[in-house]
S.K.: 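Just dropping this structure here.
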Amino acid sequence: MSHLLSVSDLHVGFGKDPVANEVVHGIGFTLDPGETLAIVGESGSGKSVTALSVNRLVDFGGGKITGGRIDFTLGSGAVIDLAAAPEKELAAIRGREIGMIFQEPMTSLNPVHAIGEQIAESFRLHHGLTGKQAMRAAIDALERVRIPDAARRLKYHPHQLSGGMLQRVMIATALSCNPRLLIADEPTTALDVTVQAQILALLSELKRESEMGLVFITHDIGLVAGIADKVMVMQNGKAVEQGRPMRCSMIRSIPIRSIF
Ligand SMILES: Nc1ncnc2c1ncn2[C@@H]1O[C@H](COP(=O)(O)OP(=O)(O)O)[C@@H](O)[C@H]1O
Ligand SMILES: [Mg+2]
């Protein structure tokens with residue numbers, strides 16, 4: 001059986017000479033459906049570049065994959081090497097099979113439009129729903145991420161929602177296509193601690209409901225120790241430690257929450 005995601009010997013660089021300007025130096029990991037991999041490391045260690053390489057958004061930031069494979073099992077059962085796939089195929093996979101959420105939900109939402117419109121748009125685009133159907137789907141999506149009074153909230157504009165609520169909206173949008181893999185790049189870093197825990201618990205529940213694979217990126221090991229099946233600790237573009245959360249010596253030896 002192939003894994004949902006199998007990254008091997010991944011090298012990524014930037015600029016005119018990406019081999020000379022390499023920032024990710026041969027990392028590898030696997031992820032199965034329903035599993036959570038936490039990628040942990042200090043700022044600048046290569047977590048985001050790794051995540052953005054998986055869905056190849058790294059290309060749009062001037063990055064280039066210079067070596068390795070990113071084998072991803074599609075819903076059809078076919079395995080595709082995302083590291084070598086043409087942009088046309090990647091565009092179809094992004095959003096549909098691989099969802100992504102970022103640290104700053106505000107940057108991904110349009111301040112001019114009500115959130116309901118923006119979620120409904122995703123259902124129009126990806127599922128061909130129209131008018132009322134798309135709005136109904138948007139309400140369901142908000143309910144799925146436990147936003148109370150969802151029908152009323154549809155009319156809210158992004159600036160009328162708290163950071164935690166906005167992140168829920170982003171999660172709802174990312175899940176609107178039922179992705180098989182969700183990449184969450186520090187989705188709780190900008191939130192206060194209580195809200196962080198709520199969002200984390202929500203992601204964990206949603207993952208269990210849908211059997212999707214979750215890659216959760218954070219600089220805070222303490223945050224993910226409880227929900228991760230696997231941890232990869234990155235430093236200077238390398239995986240310096242990999243394993244089950246309880247086996248990682250870095251996690252055992254460092255006082256939780258004080259690291260990085
Ligand atoms: N668009 C870019 N152009 C050039 N270098 C970049 C770019 N994005 C990231 N890097 C470099 O890659 C390294 C890893 O960055 P990143 O993956 O964003 O770190 P992290 O997410 O762990 O904080 C850093 O040295 C950073 O400066
Ligand atoms: Mg980052």
Side-chain angles (χ1 to χ4, degrees), residues 5 7-29 31 36-70 82-83 87 90 94 98-109 163 166-167 170-171 174 181-193 195-196 199-200 203 213-225 227-228 230-243 245 248 250-251 254 256-260:
L5 178 67
V7 175
S8 54
D9 197 27
L10 178 71
H11 293 259
V12 190
F14 283 94
K16 283 217 174 71
D17 190 349
V19 174
N21 297 311
E22 190 176 281
V23 297
V24 168
H25 314 290
I27 63 155
F29 59 84
L31 186 72
T36 298
L37 166 74
I39 301 181
V40 190
E42 63 199 343
S43 178
S45 58
K47 306 182 298 296
S48 293
V49 171
T50 300
L52 294 168
S53 296
V54 171
N55 60 14
R56 290 283 300 279
L57 285 177
V58 77
D59 298 37
F60 297 95
K64 189 163 173 19
I65 295 172
T66 53
R69 298 181 63 92
I70 304 173
L82 297 171
E87 176 53 30
L90 293 165
R94 258 181 237 126
I98 304 177
M100 181 145 187
I101 50 175
F102 301 94
Q103 180 173 338
E104 293 296 340
M106 266 309 215
T107 58
S108 317
L109 286 165
L166 284 174
Q167 203 50 281
M170 289 321 300
I171 295 169
L181 170 66
L182 181 67
I183 302 172
D185 189 356
E186 309 222 27
T188 65
T189 300
L191 305 173
D192 64 48
V193 175
V195 184
Q196 274 187 3
I199 295 287
L200 204 65
L203 280 173
L214 176 63
V215 175
F216 191 98
I217 295 174
T218 180
H219 59 275
D220 184 352
I221 276 185
L223 191 68
V224 289
I227 68 146
K230 300 171 170 177
V231 176
M232 176 167 84
V233 180
M234 289 190 71
Q235 213 169 58
N236 297 324
K238 290 189 181 131
V240 290
E241 184 138 18
Q242 259 168 307
C248 271
M250 263 183 145
I251 296 178
I254 298 171
I256 299 287
R257 274 191 199 289
S258 65
I259 25 170
F260 303 129

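Both counts, for ligands and for their atoms, begin at 1 and track the order of listing.
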S.K.: Please tell me if the side chains of Leu223 and Val40 come closer than 4.5 Å, counting only heavy atoms from C-beta onward.
M.R.: no
S.K.: Starting from atom 18 (O) of ligand 1, find the nearest protein heavy-atom neighbour and note its residue, name and distance.
M.R.: Ser48 CB, 3.7 Å
S.K.: Could you pull out all residues at least two apart from Val23 that satisfy side chain to side chain contact (heavy atoms under 4.5 Å, CB included)?
M.R.: Phe14, Val49
S.K.: Identify the protein heavy atom lying closest to atom 9 (C) of ligand 1, giving its residue, its atom name and the separation to 0.1 Å.
M.R.: Val49 CG2, 3.7 Å
S.K.: Under 2.8 Å from the Mg ion (ligand 2), is there any N, O or S atom belonging to Ser48?
M.R.: yes
S.K.: Can you give me the closest heavy-atom contact between Gly163 and Leu191, atom names plus distance?
M.R.: C-CD2, 3.4 Å
S.K.: With a 4.0 Å cut-off on heavy atoms, does Gly62 reach ligand 1?
M.R.: no
S.K.: Please find the pair of heavy atoms, one from Phe102 and one from Gln167, that lie closest to each other, and give the distance.
M.R.: O-NE2, 2.9 Å
S.K.: For atom 19 (O) of ligand 1, which of Gly237, Ala51, Gly44, Gly63 has the closest heavy atom?
M.R.: Gly44
S.K.: Yes or no, since that's all I need: does a protein heavy atom fall within a distance strictly under 4.0 Å of atom 14 (C) of ligand 1?
M.R.: yes
S.K.: Which of the numbered atoms in ligand 1 are under 4.0 angstrom from any heavy atom belonging to Ser43?
M.R.: 23 (O)
S.K.: Between Ala184 and Leu203, which heavy-atom pair has the shortest distance, and what is it?
M.R.: CB-CD1, 4.4 Å
S.K.: With rounding to the nearest 0.5 Å, note down the distance linking CE in Met234 to CD in Gln242.
M.R.: 9.5 Å
S.K.: Taking only heavy atoms of Ser45 into account, list the atoms of ligand 1 that are under 4.0 Å away from them.
M.R.: 19 (O), 20 (P), 22 (O)
S.K.: Among all the protein's non-hydrogen atoms, which is closest to atom 1 (N) of ligand 1, and how far away is it?
M.R.: Gly61 O, 3.1 Å
S.K.: Checking the N or O distance criterion of under 3.5 Å, is ligand 1 in contact with Lys47?
M.R.: yes
S.K.: What protein heavy atom lies closest to atom 7 (C) of ligand 1? Include the residue and the distance to one decimal.
M.R.: Phe14 CZ, 3.3 Å
S.K.: Can you see which heavy atom on Ile101 is nearest to which on Pro187, and at what distance?
M.R.: CD1-CB, 3.9 Å
S.K.: Of Leu182, Leu52, Val54, Leu181, which is the lone residue that meets side-chain contact (heavy atoms from CB on, under 4.5 Å) with Met100?
M.R.: Leu52
S.K.: Check contact between Glu42 and ligand 1, using heavy atoms of the residue and a distance below 4.0 angstrom.
M.R.: yes
S.K.: Has Gly41 got any heavy atom lying under 4.0 angstrom from an atom of ligand 1?
M.R.: no
S.K.: Could you check atom 11 (C) of ligand 1 against the protein and tell me its nearest heavy-atom contact, residue, atom and distance included?
M.R.: Val23 CG1, 4.0 Å
S.K.: Between atom CZ of Arg56 and atom CD1 of Ile65, what is the distance when rounded to the nearest 0.5 Å?
M.R.: 5.0 Å
